[in-house]
Protein chains: 2
Amino acid sequence: MPQRHTKQRSAIEHIFSRIEGPLSPNEVLERAHEEIPNLGIATVYRALNDMVDEETLRRVDLPGQSSRYERADLKHHHHFHCTKCDRVFDLDGCLLKHDLGLPKGFVVKEHDITLTGSCPDCKG
Amino acid sequence: MPQRHTKQRSAIEHIFSRIEGPLSPNEVLERAHEEIPNLGIATVYRALNDMVDEETLRRVDLPGQSSRYERADLKHHHHFHCTKCDRVFDLDGCLLKHDLGLPKGFVVKEHDITLTGSCPDCKG
DNA sequence: GAAAAGATGCTTATGAATATCAAGAAACAG
DNA sequence: CTGTTTCTTGATATTCATAAGCATCTTTTC
Ligand SMILES: [Mn+2]
Ligand SMILES: [Mn+2]
Ligand SMILES: [Zn+2]
Ligand SMILES: [Zn+2]
């Protein structure tokens with residue numbers, strides 16, 4: 001799978017070089033539009049999928065929401081979703097118990113953890 | 001918001017009285033078809049949403065998958081998703097660390113945890 | 001520079017979930 | 001019961017996120 005150097009691909013990559021937080025495809029499109037006004041959403045989806053395959057990006061799936069994407073080089077962490085302002089926050093470190101006590105035969109490759117509640121700005 | 005007693009609603013409720021595991025709307029439809037051959041998928045979605053509102057059911061959102069539903073009276077637990085056979089297993093107990101070390105001001109209401117890997121039948 | 005190989009941007013298709021609405025079934029009043 | 005009211009249903013249309021198809025435009029290669 002070759003990889004050509006196009007201005008749309010670079011623009012999308014550049015966005016993630018500045019931003020850490022998880023972005024939705026539409027957020028990526030909006031930001032990239034500043035540089036490439038006629039960029040199509042299909043190209044964004046293609047770029048995001050490729051970058052996930054290349055392990056440049058990682059898909060962030062929050063329960064009940066559509067996928068967002070963040071840099072794959074970030075240290076392992078989990079997310080907090082504020083249901084009031086709908087923002088997503090990165091949390092430091094791993095929140096998974098050490099001793100899982102799984103039944104024999106289950107092999108864990110990955111885990112996802114999402115905390116839901118209200119953030120400091122939306123206290124209540 | 002009244003609640004009428006219809007055979008379709010009872011059939012759907014009955015399914016969950018026997019089954020614990022999380023079911024997709026289509027799985028519910030298939031099972032209910034045995035009793036009500038002309039049941040429509042829209043009715044299944046309506047029933048599932050109502051039952052979530054009534055807290056009879058709980059939505060189970062696994063990363064990258066569409067929603068499944070399980071009984072809300074089950075003890076708090078999390079899920080294991082086998083990527084080989086695509087089955088979902090209930091895991092006993094809570095897998096969240098006790099000391100989350102969250103920044104000040106974050107209030108956690110809920111949490112979701114999904115383990116991904118291979119199950120005993122699909123070892124590898 | 002051409003020609004070849006790929007990427008892009010429209011447009012169309014798919015799948016999950018919801019909305020719409022006429023017709024059917026429950027609840028209710030008598 | 002029987003008619004009337006009101007809610008529910010099923011079929012269909014609609015929305016939204018994502019992917020596929022394809023003609024055209026760009027990179028790469030020579
Ligand atoms: Mn993150
Ligand atoms: Mn479960
Ligand atoms: Zn972790
Ligand atoms: Zn838990």
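Chain identifiers are assigned alphabetically (A, B, ...) following the order of the sequence lines, protein sequences preceding nucleic acid strands; residue numbering begins at 1 within each chain.
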Residues Lys84(B), Asp121(B): salt bridge by 4.0 Å N-O rule: no

Is there a donor-acceptor contact under 3.5 Å from the side chain of Lys97(A) to the main chain of Cys94(B)?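 It does hold such a pair.
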
Contact class for Leu39(A) vs. all strands (heavy atom < 4.0 Å): base, sugar-phosphate, or nothing?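 Answer is sugar-phosphate: Leu39(A) comes under 4.0 Å of backbone atoms only.
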
May I ask you to say what Arg46(A) touches in the nucleic acid, namely base, sugar-phosphate or nothing, with a heavy-atom cut-off under 4.0 Å?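 The residue Arg46(A) makes base contact.
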
Separation of atom [atom1] in [X] from atom [atom2] in [N], rounded to whole Å:
| X | N | atom1 | atom2 | answer |
| --- | --- | --- | --- | --- |
| Leu23(B) | dA16(C) | CG | P | 16 Å |
| His33(B) | dG10(D) | NE2 | P | 8 Å |
| Glu27(A) | dT18(D) | CD | C1' | 16 Å |
| Asp50(A) | dT18(D) | CG | P | 15 Å |
| Ile41(B) | dA11(D) | CD1 | P | 12 Å |
| Leu48(B) | dA16(C) | CG | C1' | 13 Å |
| Tyr45(B) | dA11(D) | OH | P | 16 Å |
| Leu29(A) | dC10(C) | CG | C1' | 14 Å |

Closest non-hydrogen atom pair, His76(A) against His78(A):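 In this case the closest contact between His76(A) and His78(A) is NE2-NE2, 3.1 Å.
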
What nucleotide, of dT9(D), dG9(C), dA17(C), holds the atom closest to the side chain of Thr43(B)? dT9(D)

List the steps and the verdict of side-chain contact (heavy atoms from CB on, under 4.5 Å) for Tyr69(B) and Val44(B). CA-CA 11 Å; Tyr69(B) 297 82; Val44(B) 173; over 6 Å; no

If you pin Ala42(A) and Asn26(A) to their nearest nucleotides in DNA chain D, which one's is more 5'? Asn26(A)

List, with names and distances, any nitrogen or oxygen atoms from the protein found under 3.5 Å away from nitrogen or oxygen atoms belonging to nucleotides 27-30 of chain D.
residue: dT27(D); atom: O2; partner: Arg4(A); partner atom: NH1; Å: 2.8
residue: dT28(D); atom: OP1; partner: His5(A); partner atom: N; Å: 3.1

Do the side-chain N or O atoms of Asn49(A) get closer than 4.0 angstrom to the phosphate oxygens (OP1, OP2) of dT18(D)?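 Asn49(A) to dT18(D) OP1/OP2: no side-chain N or O under 4.0 Å.
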
Does dT8(C) have OP1 or OP2 under 4.0 Å away from a side-chain N or O of Arg9(A)?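 Result: yes.
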
I need the single residue from Arg58(A), Arg59(A), Glu27(A), Arg68(A) that forms a side-chain contact (heavy atoms from CB on, under 4.5 Å) with Pro22(A). Which is it? Arg68(A)

Is it the case that Glu110(A) and His81(B) place a side-chain donor and acceptor less than 3.5 Å from each other? no

Verify whether one side chain among His79(B) and Asp90(B) offers a donor that lies under 3.5 Å from an acceptor in the other. yes

